[in-house]
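Here the structure comes first, spelled out in structure tokens, and everything after it is commentary.
Chain A is the first sequence line, chain B the second, and so forth, proteins listed ahead of strands; every chain is numbered from 1. Being a predicted model, the structure only gives us computed values, none of them experimental.
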Amino acid sequence: MIIAKTYSPKEAEEKWYSYWLQHNFFRSVPDEREPYTIVIPPPNVTGVLHMGHMLNNTIQDVLIRRARMKGKNACWVPGTDHASIATEAKVVAMLKERGINKKDLTREEFLKYAWEWKEKYGGIILEQLKKLGASCDWERTKFTMDDDMSEAVIDYFVRLHKQGLIYRGVRMVNWDPQSKTAVSDEEVNRKEVNQKLYYIKYRISQKSKVKSQKLEIGGTHDRGEQLSTLNFEPSTYLTIATTRPETIMADAAICVNPNDERYLHLHGKSVFIPLINREIPVILDDYVTMDFGTGCLKVTPAHDLNDYALGQKHNLPIIDILNDDGTLNEKAQILVGEDRFAARKKIAVLLEEAGALAKTEDYTSQIGFSERTNAVIEPKLSMQWFCKMQEMAKPALDYVLNGEVKLIPEKFINTYRHWMENVRDWNISRQLWWGQQIPAYYLPNGEYVVAKTIEEALDEAKLKTQNPQLTTADLRQEDDVLDTWFSSGLWPISVFDGVRNPDNAEINYYYPTNDLVTAPEILFFWVARMIMSGHELRGQKPFSNVYLTGIVRDKQGRKMSKQLGNSPDPIELMGKYGADGVRVGMLLCSPAGNDLMFDESYCEQGRNFANKIWNAFKLIQGWAVDESLTNTNQIAIEWFDSRFNQALAQIEDDFKQYRLSEALMATYKLVWDDYCAWYLEMVKPVYKPGAEKQSIDAETYAATINFFQNILKVLHPFMPFLTEELWHDELFGERGELDCCIVAQLPAIGEINSRLVSEIEIIQQVVTQVRNVRNAKQLSPKETLPLAVKVNSAIDYVKYQPIIKPLGNINDVSLVNEALGGAVNFIAGTDEFYIALNIEIDVAAECERLKKEQEYLLGFLKSVSAKLGNERFMANAKPDIIDNELKKKADAESKLKTVDDNLRSLAC
RNA sequence: GGGAGUUUAGCUCAGCUGGUUCAGAGCAUCUGCCUUACAAGCAGAGGGUCACUGGUUCGAACCCAGUAACUCCCACCA
């Protein structure tokens with residue numbers, strides 16, 4: 001028995017979530033039913049729930065609950081990602097706070113700390129998801145570094161290596177000096193940054209060009225001349241422009257365009273690097289843009305991707321002056337030990353003092369930042385492991401292009417295609433400890449073998465070296481670990497153990513999964529790689545649909561972030577508005593693929609909706625069946641039944657197209673407008689004072705409760721807690737232990753009496769008009785009024801009296817043949833209505849209103865007639881369009897006649 | 001620099017194959033109501049040159065071209 005005036009979510013949420021858990025409603029095991037599977041995008045194990053997760057997981061839960069209620073075997077696999085670089089960074093920071101330096105730890109010691117950290121903070125986010133109502137099969141919870149998951153990753157690596165899809169090589173990579181690891185191209189965010197362009201003078205050697213091959217670091221110093229005596233006449237120096245003056249010590253050449261007439265005199269010359277006075281050649285390449293900067297380019301092969309290529313081409317030496325942490329090393333000769341940014345400032349001063357700085361200019365350019373640490377990326381030459389992408393990308397692209405994998409919304413197909421067609425090899429090694437260690441083993445002679453275990457590696461090593469004396473002690477495993485996405489790319493397969501046991505019952509049953517719900521930001525990071533691994537390992541797509549959500553932004557359109565402090569705490573929000581309220585709030589503003597401007601008021605709307613349902617329930621609870629009463633509400637019952645089925649069809653269609661907001665809105669209107677505002681008002685018993693309960697006939701009561709129960713079902717995926725709470729009320733009779741809303745089956749779409757629905761639409765207009773008249777004439781809603789109808793249509797208003805009377809507070813509906821003079825009148829459909837009032841009618845105002853109406857109708861008729869009189873329209877338009885125009889014309893004529901009659905009767 | 005998308009009421013968005021489901025919804029606003037389920041509510045109302053300019057068509061929010069603004073993705077110009 002419910003008495004509370006408003007719904008209080010907290011209790012219901014705790015009660016029902018644990019009830020569902022206890023009764024294993026989230027559990028899924030393979031059976032004869034059709035599976036419906038979602039794998040969660042595993043959040044960072046040390047992550048905390050933010051609004052993006054809220055949106056993403058609300059959507060998944062709605063989908064999974066709906067599938068469950070459609071009789072599918074719904075399986076939502078939860079879990080977390082070890083997020084190698086992000087987590088390692090956090091652990092390093094934590095250790096630092098405790099005064100421990102990572103450098104002083106062994107790998108084993110560090111990993112021990114990392115696991116401790118993971119045990120302590122990992123999985124908080126999963127607990128938070130429970131508050132949201134997420135109906136994951138928690139027994140399946142996976143972590144990407146679980147033993148079996150890691151084993152799958154190793155298996156996959158070995159497999160790809162065997163196929164020649166993984167190789168090792170020295171390449172220019174994106175180096176994150178903060179976490180001291182390489183990161184992939186996708187993990188670099190480019191941002192526009194205000195910088196300075198430094199114009200630096202290099203003195204031209206008067207001797208002929210030195211051979212680049214002979215050039216050694218620190219060699220060929222021309223100490224003969226002192227800086228102070230240098231002559232900086234234009235003929236004796238050239239000027240280059242750079243944003244990175246601290247790298248001049250790594251310069252290997254100056255490059256000019258061979259066609260640049262300004263610099264013909266430099267051909268074959270060499271120049272001296274300022275400050276360190278090392279001599280470098282001037283080389284010619286048309287790569288250099290003549291009209292940028294000075295037209296002279298410093299070539300620094302160790303610290304720039306293009307310069308590296310240029311260096312290769314011209315056989316230049318590579319002088320790496322940076323340490324792994326971004327400080328300058330001894331090869332720089334000066335400013336050794338300084339951080340690159342500190343060095344930049346200092347060298348500018350030094351250059352200035354040496355008279356080698358011509359000028360500086362403000363300049364903006366794109367700088368790469370590490371996705372995880374936000375450190376400025378340093379291009380760095382290093383030995384890394386790579387995964388060949390081209391062969392893998394081709395089939396992965398086809399899945400999307402041929403529609404086997406649907407992207408929702410479709411606009412992402414283009415982006416996906418572009419990326420897949422231009423993908424470069426993927427750097428999969430990370431110089432970290434937290435992650436799967438690459439299963440490559442180095443032999444004493446520098447060669448390596450790749451194998452699952454060190455034992456297998458040993459066997460291979462013996463084979464390779466023809467040396468049976470080798471022992472495992474001779475092997476040294478690769479230090480690097482694999483990129484996180486290399487493991488999460490296996491997620492839909494590895495959670496079902498499909499990598500290690502490709503033919504097990506689970507993978508065969510659940511894979512391919514159905515829907516994936518994720519952010520467009522990780523379309524390449526993750527989605528593309530899952531499609532690749534799915535194809536590689538199983539020759540199958542990993543999922544059929546990818547629903548791409550937008551980014552949650554604040555009202556001002558700013559991305560929600562911790563730094564800005566503009567992100568509400570989801571847990572607090574749920575405390576304030578209830579989990580159901582927040583779920584509804586999220587969905588109300590979330591069109592697929594478009595960013596959503598989140599505002600708390602949406603949650604308020606969600607909470608109000610919950611309260612509305614709660615109160616509708618309270619109303620019904622106040623009723624008691626009186627067997628002596630007969631059913632006078634048959635029309636209302638039939639009407640709502642039809643409306644319900646209409647809405648059901650609409651909702652079904654919306655879901656098919658993944659228009660979740662629309663499905664929710666259709667549900668919202670069904671409940672609030674059709675059920676509460678109209679149906680309940682139609683059948684509501686007249687209040688009898690003193691009675692504890694209001695009497696109602698048995699049929700209406702049964703129908704009303706049945707409708708309510710069906711509404712609970714439709715609402716459940718959106719508002720699981722409230723619906724479950726109400727579901728178990730005694731109003732619905734005895735419920736078995738397992739008779740729960742969460743596993744109730746959605747009603748099938750029944751028949752729709754469309755004639756009834758459209759006639760009731762007219763009746764609703766009549767009621768609205770009556771209320772309108774009341775409002776306009778300042779009449780009390782309590783005052784009953786008589787209504788007269790002059791019927792021009794086929795509607796039987798006598799039949800609808802039981803609806804019109806209570807809703808309009810009408811005491812009598814009478815049929816008339818003539819316009820009722822002196823009465824307030826209005827038109828609904830094509831029928832005329834009159835309300836005789838005891839008050840004086842303002843004839844002049846009434847005339848004016850009618851004349852306006854007349855004018856409008858005449859204009860309307862004119863345009864319709866013009867259309868119908870147009871030969872080309874009659875020739876080209878489809879028949880049903882023409883029929884429609886004819887009907888419009890007839891209706892307008894009928895209305896016009898009514899207006900004319902009224903005008904005449906008022907003698908305007 | 002290349003590509004994609006968006007632009008409809010104060011806000012967030014629908015508008016499907018061009019035609020009365022074509023100018024819509026929810027929220028917000030305004031007016032009147034503490035009417036026995038609900039003031040987290042009820043009843044009603046007012047809000048739009050469908051970004052702009054042309055074109056196609058009997059007919060355009062919708063198709064085409066151009067313009068503008070915003071957003072996102074990709075890209076090595078120092």
Within the pair A/N608 and B/G41, is there a side-chain N or O less than 4.0 Å away from OP1 or OP2? yes
When you get a sec, tell me which of B/U35, B/A40, B/G26 is the closest nucleotide to the side chain of A/Q605? B/G26
Testing the 3.5 Å rule here: is there a donor-acceptor pair between the side chains of A/D653 and A/Q657? yes
Reckon A/K684 has a side-chain N or O less than 4.0 Å from the OP1 or OP2 of B/A37? yes
Quick one: is B/C13 close enough that its OP1 or OP2 comes under 4.0 Å of any side-chain N or O from A/S661? no
Could you check which of B/U20, B/G19, B/A40 has an atom nearest any side-chain atom of A/F873? B/G19
RNA chain B: A/R607 or A/V767, which has the more 5' nearest nucleotide? A/R607
Pairwise P distance for B/U17 and B/C58, with rounding to whole Å: 22 Å
Using the C1' atom in both, what is the distance from B/C72 to B/G66, to the nearest Å? 23 Å
Between B/C42 and A/K612, is there an OP1 or OP2 to side-chain N/O distance shorter than 4.0 Å? yes
Is the phosphate of B/A45, meaning OP1 or OP2, less than 4.0 Å from a side-chain N or O of A/N772? yes
Heavy-atom contacts, protein to nucleotides 68-78 of chain B, under 4.0 Å, summarised as B (base), S (sugar-phosphate only) or - (none) per nt, yield -----SSBBBB
Runs of at least three Watson-Crick or G-U pairs with RNA chain B, cut-off 3.5 Å: B:1-7 with B:68-74, B:10-13 with B:24-27, B:29-33 with B:41-45, B:51-55 with B:63-67
Can you see which heavy atom on A/F708 is nearest to which on A/A616, and at what distance? CE1-CB, 4.1 Å
Closest to the A/K5 side chain, choosing from B/A39, B/A40, B/A37: B/A39
OP1 or OP2 of B/G15 less than 4.0 angstrom from a side-chain nitrogen or oxygen of A/R659, does that happen here? yes
How far does the P atom of B/A78 sit from the matching atom of B/A4, given to the nearest Å? 25 Å
For B/U35, does OP1 or OP2 lie under 4.0 Å from any side-chain N or O of A/Y687? no
Which nucleotide wins on minimum distance to the side chain of A/R872, given the candidates B/U20, B/U57, B/A37? B/U57
Report the nucleotide, chosen from B/G41, B/A40, B/G5, that has the shortest atom-to-atom distance to any side-chain atom of A/W672. B/G41
